[in-house]
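Each ligand, and each atom within it, is numbered from 1 in the order the structure gives.
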Amino acid sequence: MRILVTGKNGQLGKSINKVVNQTKQKHKFFFTGRQELDLSDNDSIDSYFNNNSFDVIVNCAAYTQVDKAEEDLDLTKKVNYYAVKQLATIARKKQIKLIHLSTDYVFDGTSKRPYIETDIPNPINVYGKSKLSGEQAIKEIMPVNAIIIRVSWLYSEYDNNFVNTMLRIGKEGKGVKVISDQIGSPTYTVDVAKVLLHIILSKKIKMNFNSEIYHYSVKGSCSWYDFAKSIFEYKKISCKTVPIKEKEWGSKVQRPKYSVLDHHKIQRQFKIAVPFWLDSLHACLDAIENE
Ligand SMILES: NC(=O)C1=CN([C@@H]2O[C@H](COP(=O)(O)OP(=O)(O)OC[C@H]3O[C@@H](n4cnc5c(N)ncnc54)[C@H](OP(=O)(O)O)[C@@H]3O)[C@@H](O)[C@H]2O)C=CC1
Ligand SMILES: Cc1cn([C@H]2C[C@H](O)[C@@H](COP(=O)(O)OP(=O)(O)O[C@H]3O[C@@H](C)C(=O)[C@@H](O)[C@H]3O)O2)c(=O)[nH]c1=O
C-alpha cells in the first residue's frame with residue numbers, strides 16, 4: 001500500500017515517521033509538509049493528487065493554534081474545513097481510504113462523564129468549530145471508507161507542546177501558575193501513531209467499510225495543573241506550581257472544562273492496548289532525555 005501522511009513537521013506526523021522507521025514497514029509511507037502539499041491552497045491540493053496516487057491518506061495537518069485561530073478565521077477554516085472537504089472529495093473519487101484526526105475541542109465540556117462518539121458536539125471556540133466542520137464534510141462526502149479519530153491534549157518530545165513548555169519554565173526556576181479547572185486526558189503522540197499504524201495494517205482498511213468516528217485517549221484524566229506537577233515530579237524539578245482557575249489565566253478563548261474521551265469503542269473494535277496516561281508521560285520524558 002501507498003500511505004500518505006500530511007503534517008510531517010507536526011508532532012503527530014513526526015511520531016508516525018518515528019514509529020514507521022522503528023517497525024520497518026513493508027508498505028510505502030510518504031510524508032508531506034506545506035511545501036509539498038499546502039492545505040490552504042486548493043490548486044496545490046488538486047495538483048498534488050493529480051501527480052501522486054495513494055491507497056490511504058492519514059490527515060494529521062491542521063491549524064492547531066487555539067488562541068490565534070480566533071483572529072485567523074479564514075486560514076483556520078481553509079485548513080481545517082475546506083481542505084478536509086477537498087481531501088474527502090478526492091479520496092472518494094479515487095477510492096482512497098481516509099483517516100482524519102480530530103479533537104476533544106468539538107465538545108463544550110459540560111459532560112459529567114467521558115464523551116462517547118454519539119454525544120452531540122458543541123464547540124465553543126473557532127478551532128473546535130473548524131474541526132467539527134471538517135468532520136461533518138467527511139461524513140457527508142464519504143459515507144464509506146473514512147475514519148475520524150478524535151484525540152485530546154497531545155504532547156510529544158517534539159517542538160512546542162505543554163510538556164516541553166513546562167520543562168522550559170521549570171528550568172527558569174521562577175514558578176508557574178497552571179489551570180486546575182480544565183480536565184482532560186493528555187495523550188502521547190507515539191501512542192496515537194501506534195494506533196494509527198495498527199488501523200492501517202488492519203483487515204478493515206483492505207475492505208470497504210462504513211465511515212466511523214472513534215475516540216482515542218489514554219486511560220485516566222487530570223487537570224493541566226496535575227499534568228504539570230507530574231512532569232516536575234518525574235523530572236525531579238523543583239518549581240513552585242500554583243493552581244489557578246481558568247478565568248485567572250486570562251485567555252479570551254473558551255476551552256472545554258471537561259473533555260475526557262471514552263476510548264472503549266476503538267479499543268474493542270481494533271483490540272488495541274490503551275496505556276495509563278502517567279506511564280506514557282514517563283515514556284515521553286525518557287524520550288526527551290535520550291533525544
Ligand atoms: N495538538 C493537540 O493537542 C491536539 C491535536 N489534535 C489534532 O491532531 C492532529 C495533529 O496535531 P499535532 O501534530 O499536534 O499538530 P501540529 O500543530 O504539531 O502539526 C500540525 C501540522 O499541520 C501543518 N499545517 C498547518 N497548516 C498547513 C497547511 N496550510 N498546509 C499543510 N500543512 C499545514 C503544520 O505545518 P507547519 O509545521 O509548517 O506549520 C504542522 O506541521 C491535528 O488534526 C489536530 O487538530 C487533536 C487533539 C489535540
Ligand atoms: C503554558 C501554560 C498553559 N496553561 C494552560 C493554558 C491551556 O488551558 C492549557 C494548555 O495549553 P495549550 O496552549 O497547550 O492549550 P491548547 O492549545 O488549548 O491545547 C489544545 O490544543 C488543541 C490543538 C487541541 O486539539 C486540544 O486537545 C488541546 O490539546 O494550559 C497554564 O495554565 N499555565 C501555563 O503556564
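Ring centroid separation for the pair Phe227 and Phe162 comes in under the 6.0 Å cut-off.
Contact check for Phe31 versus Glu36: no side-chain heavy atoms found under the 4.5 Å cut-off.
Using a non-hydrogen distance threshold of 4.0 Å, Tyr225 does not register as a contact of ligand 2. Residue Lys131 places every heavy atom at 4.0 Å or more from ligand 2.
Comparing Arg34, Gln65, Lys78 by heavy-atom distance to atom 26 (N) of ligand 1, the nearest is Arg34.
Distance check on atom 4 (N) of ligand 2: some protein heavy atom falls below the 4.0 Å cut-off. The protein does not reach atom 12 (P) of ligand 2 closely, with no heavy atom under 4.0 angstrom from it.
A donor-acceptor contact shorter than 3.5 Å is absent between the side chain of Ser111 and the backbone of Pro114.
By the 4.0 Å N-to-carboxylate-O rule, Glu70 lies too far from Lys252 to be salt-bridged with it.
Considering both main-chain and side-chain atoms, Lys8 never comes within under 3.5 Å of ligand 1 through any nitrogen or oxygen pair.
Cation-pi geometry between Lys265 and Tyr214 is satisfied (NZ or CZ under 6.0 Å from the ring centre, within 45° of the ring normal).
The closest protein non-hydrogen atom to atom 19 (O) of ligand 1 is Gly10 CA, 3.2 Å.
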